[in-house]
Amino acid sequence: MKPQEIDHIAIAVKDLESAITFYTQILGAAIEHREFVESDGIEEVLLKVSDTYIQLLCPTTPTSPVAKYIEKRGEGLHHMGLRVDNCEEALRDAIDAGATSIDTHPRPGSRGTTVAFLHPKSTFGVLIELVQL
Ligand code: CO
């Protein structure tokens, strides 16, 4: 797996509007993308910061994995998205290198991306998302 860059750093928040107000102010960043991702039970906002994004994630349903995350660990850093050329190949490489996948196969993400997540228990505590544009 050879990531091209860090695509985004995701922060789980309870109140999306307050988080947007705060982060657009301190970063001087504009909202570049906003989307409801039904399959993950979240609304996400991407703020462009230098060559990457800060992604604000807010649960839209109590059963969302992000809602459960916030309930258990509070708001905060949720995952890191690594940009890869080919999600399927990167996932296979990661598994070959000893990572445990949450997604057995790449699946549709936001922005028309293809994504797969690696389990934090196999990555020294970081939820990693492989992102193919
Ligand atoms: Co992400």
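Numbering starts at 1 and runs along the sequence shown. These numbers come from a predicted model, not from an experiment. When a ligand or atom number is given, it counts from 1 through the structure's own listing order.
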Student: For the side chain of E75 and the backbone of K14, is there at least one donor-acceptor N/O pair under 3.5 Å apart?
Tutor: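 Yes, because the side chain of E75 sits within donor-acceptor range (under 3.5 Å) of the backbone of K14.
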
Student: Distance-only criterion, 3.5 Å: show the donor-acceptor pairs between side-chain atoms of residues 89-96 and protein atoms not counting sequence neighbours.
Tutor:
| from | atom 1 | to | atom 2 | distance (Å) |
| --- | --- | --- | --- | --- |
| D93 | OD2 | M1 | N | 2.8 |

Student: Any Lys/Arg nitrogen of E43 or R34 sitting under 4.0 Å from an Asp/Glu carboxylate oxygen of the other?
Tutor: yes

Student: For the Co ion (ligand 1), state how many protein N, O or S atoms fall inside a distance shorter than 2.8 Å.
Tutor: 3

Student: Does T52 have any side chain to side chain contact (heavy atoms under 4.5 Å, CB included) partners at least two apart in sequence or in another chain, and if so, which?
Tutor: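 Side chain to side chain contact (heavy atoms under 4.5 Å, CB included) check on T52 returns I6.
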
Student: For residues 22-78, pull every pair meeting ring pair (Phe, Tyr, Trp, His ring centres under 6.0 Å), keeping only residues two or more places apart or in separate chains.
Tutor: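 Found Y69-H78.
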
Student: Would you mind checking if R83 and D51 are paired as a salt bridge, meaning a charged N to carboxylate O distance below 4.0 Å?
Tutor: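 No, D51 and R83 are not salt-bridged.
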
